[in-house]
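Remember, it's 1-based here, ligands and their atoms both numbered in the order they're listed. We use all heavy atoms of the structure for the numbers below, so side chains are in, but hydrogens, waters and symmetry mates are not.
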Amino acid sequence: MTLSDREYSSFFHTYKRLPLEIVRGDGAYLITADGSRYLDMVGGVAVNALGYGHQRLIDAIAQQAARYIHVSNYFLQEPQIVLAETLCKYSGFSRVFFTNSGTEAMEGALKIVRRWGSLNGKNTILAISNAFHGRTFGALSLMDRPKYRAGFEPLLSGFATVEFNNVPSLLAAATPTTAAIVLEFIQGEGGIRPISPEFAETLKSLQQQFGFLIVADEIQSGLGRTGKFFGFEHFSVKPDIAVVAKPLGGGLPLGAILGGDAVANILEPGMHGSTFGGNPVACAAGIVVLDEIMEKGILHNISAMGAHFLQRLTALQNEYPLLIKEVRGMGLMIGAELTREADPVVVAMRDKRILVNGTDQTVLRFIPPLIIGREHIDATISALKEVFASL
Ligand SMILES: *Cc1c(COP(=O)(O)O)cnc(C)c1O
């Protein structure tokens with residue numbers, strides 16, 4: 001039996017695996033069992049910010065593993081505290097709760113919202129159409145697409161959907177009993193779609209009018225990915241809660257809920273918790289990830305490489321206007337919306353040893369390690385050109 005057959009007979013069939021067995025990673029490259037090197041423009045789905053084989057990250061993980069791997073949240077653990085302080089320093093938020101995943105951070109954020117709402121007489125949580133917030137019931141309750149919900153209803157009550165970038169829909173949905181609005185300022189799985197400046201402005205003025213909480217899902221767009229610490233910093237909105245995860249643990253499972261003054265004292269001892277949340281090895285990795293991004297020049301690389309990538313993709317669009325409908329993105333969170341299914345392009349790129357991702361049917365998504373250089377972007381563009389020329 002091949003590895004693929006064994007996977008198929010022993011797993012729930014939830015993942016469409018690529019027919020690649022990875023044996024090692026090196027910088028922006030993945031190496032397969034047959035010795036091929038693949039340029040990775042997906043980065044473990046926006047997780048591997050520092051690429052593969054990052055020595056400082058590996059050392060931090062090894063050192064913390066040698067000290068202790070787990071002791072439980074009954075104890076004070078320095079790596080957690082240092083990482084929480086670091087997150088507060090860069091984010092401007094004042095409270096942190098660590099989780100093991102993105103969806104778990106969203107669940108905790110929803111609990112904070114519900115608790116805050118119960119104390120303030122507000123009971124409805126608004127979400128945006130086409131959103132992605134995770135796979136657990138609270139997160140699913142925020143998501144309107146049948147693709148994710150079908151067969152899992154009834155979901156939670158007390159949720160309503162606002163049409164993405166539709167100002168009248170937002171105006172109609174917000175009321176004095178709105179507890180919160182949850183949104184990705186730049187939708188990720190939904191196709192790399194930023195909210196419009198008008199939508200952001202409306203959100204701000206409605207918050208002033210009704211006093212609801214704004215919850216930013218920064219799981220994909222946060223921690224430098226867009227060239228700023230948070231995606232929402234590109235809009236003049238200041239959320240009350242942000243959730244982060246994907247890159248935070250350098251590939252180890254780690255997420256966080258960050259809260260500001262409005263919710264700083266909402267949770268009391270015993271109201272929320274996690275056995276593994278804030279694992280000290282993952283936190284030791286997180287300290288390195290944030291330091292590399294914020295202090296060691298990666299943030300600048302993201303802006304510079306993001307601009308280069310967008311410019312090259314836009315030139316490609318001018319060359320193939322019948323194939324590329326729109327190019328959009330911020331920093332190294334970039335999408336090229338095609339006029340056809342993205343999948344065949346993804347497969348053709350893989351044959352050229354470049355891994356890209358397709359999302360929302362027609363969008364080619366680029367969420368590479370944040371350490372990539374011009375050569376990686378230029379190689380991706382050259383390969384795309386060859387693929388488009390052959391279509
Ligand atoms: C990936 C993602 C999630 C879910 O994170 P998990 O760690 O897979 O639970 C939630 N929101 C956004 C925007 C994401 O990109």
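Interface atoms of ligand 1 facing Thr103, defined by a heavy-atom separation under 4.0 Å, are 4 (C), 5 (O), 6 (P), 9 (O). Proximity to Gly134 (heavy-atom distance under 4.0 Å) selects the following atoms of ligand 1: 4 (C), 10 (C). Atom numbering of ligand 1 starts at 1 in the shown order; those under 4.0 Å from a heavy atom of Glu184 are 13 (C).
Between the side chains of His234 and Thr226, at least one donor N or O lies within less than 3.5 Å of an accepting N or O. Between the side chains of Gln80 and Asn73, a donor-acceptor pair is found at a separation under 3.5 Å. Side-chain atoms of Thr124 and Thr178 form no donor-acceptor pair, as typed in the model, at a separation below 3.5 Å. Residues Asp240 and Gln207 bring a donor and an acceptor atom of their side chains to less than 3.5 Å of each other. Remark: the Gln220 side chain and the Arg365 side chain contain an N/O donor-acceptor pair separated by less than 3.5 Å.
In this structure, atom 1 (C) of ligand 1 lies nearest to the protein heavy atom Lys246 NZ, 1.4 Å. At the top of the distance list for atom 7 (O) of ligand 1, counting protein heavy atoms only, stands Gly102 N, 2.8 Å. Of the protein's non-hydrogen atoms, Asp217 OD2, 2.7 Å is the one closest to atom 11 (N) of ligand 1.
Remark: Pro194 pairs with Ile186, Phe235, Arg328, Met330 by the side-chain contact (heavy atoms from CB on, under 4.5 Å) rule, at least two apart or across chains. Evaluation of the side-chain hydrogen bond (donor to acceptor under 3.5 Å, both in side chains) rule for Arg350 yields no partner, not counting sequence neighbours.
An N or O contact shorter than 3.5 Å is missing between Ala245 and ligand 1 by distance. Of the polar atoms of Ile219, none of the N or O atoms is found under 3.5 Å from an N or O of ligand 1, judged by distance alone. Looking at Gln220 next to ligand 1, an N or O pair under 3.5 Å apart turns up.
Residue-level proximity to ligand 1 for Ser101 is carried by backbone and side chain together, each with a heavy atom below 4.0 angstrom.
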